[in-house]
Amino acid sequence: MHQLRTALASRPVIEQAKGVQMAAHGVDADRAFKMLVERSQRENVKLYDVAHGFFTTINQA
């Protein structure tokens, strides 16, 4: 049950990060998601943390 709650809570953040990728790079939703996954794997961090990082970076600017 905890995993389901975590997944449901992280989904909006990931979807918003996908939107940022789509706008910034002019790609479709599938490519934007793939870009997030690739970064997650490259940096060895959870997908949620990659997505959340977009918004903490924006807020610090």
Side-chain angles (χ1 to χ4, degrees):
M1 189 64 130
H2 175 70
Q3 288 178 329
L4 177 59
R5 285 190 190 125
T6 302
L8 290 174
S10 64
R11 184 175 179 150
V13 174
I14 293 169
E15 290 296 318
Q16 289 175 348
K18 257 177 36 180
V20 169
Q21 290 288 77
M22 291 169 65
H25 299 285
V27 297
D28 65 13
D30 289 337
R31 179 65 185 133
F33 183 73
K34 186 174 182 179
M35 291 169 72
L36 292 170
V37 170
E38 289 169 352
R39 182 172 173 187
S40 169
Q41 292 173 342
R42 185 174 58 251
E43 296 179 7
N44 196 30
V45 296
K46 292 181 179 184
L47 182 59
Y48 173 82
D49 293 333
V50 169
H52 188 260
F54 277 95
F55 303 106
T56 53
T57 302
I58 291 169
N59 289 333
Q60 291 174 357

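In this text the structure is predicted, and so the values were computed from the model without any measurement.
Note that NZ of K34 is 14.5 Å distant from NZ of K18, once rounded to the nearest 0.5 Å. Considering CG of L36 and CD1 of I14, their distance stands at 8.0 Å, rounded to 0.5 Å. Residue E15 holds its CD atom at 9.5 Å from CE of M22, rounded to the nearest 0.5 Å.
One hydrophobic cluster, built from ILVMFWY side chains closer than 4.5 Å, holds both F33 and V50. No continuous path of ILVMFWY side-chain contacts below 4.5 Å connects V27 to V37, so the two sit in separate hydrophobic clusters.
By the side chain to side chain donor-acceptor pair (under 3.5 Å) test, E43 pairs with R39, sequence neighbours left out. Residues forming a side-chain contact (heavy atoms from CB on, under 4.5 Å) with K46 (at least two apart in sequence, or on another chain): D49. With sequence neighbours left out, A24 forms a side-chain contact (heavy atoms from CB on, under 4.5 Å) with no residue at all.
Other residues, nucleotides and ligands contribute only 12 or fewer heavy atoms inside 6.0 Å of the CZ atom of R11.
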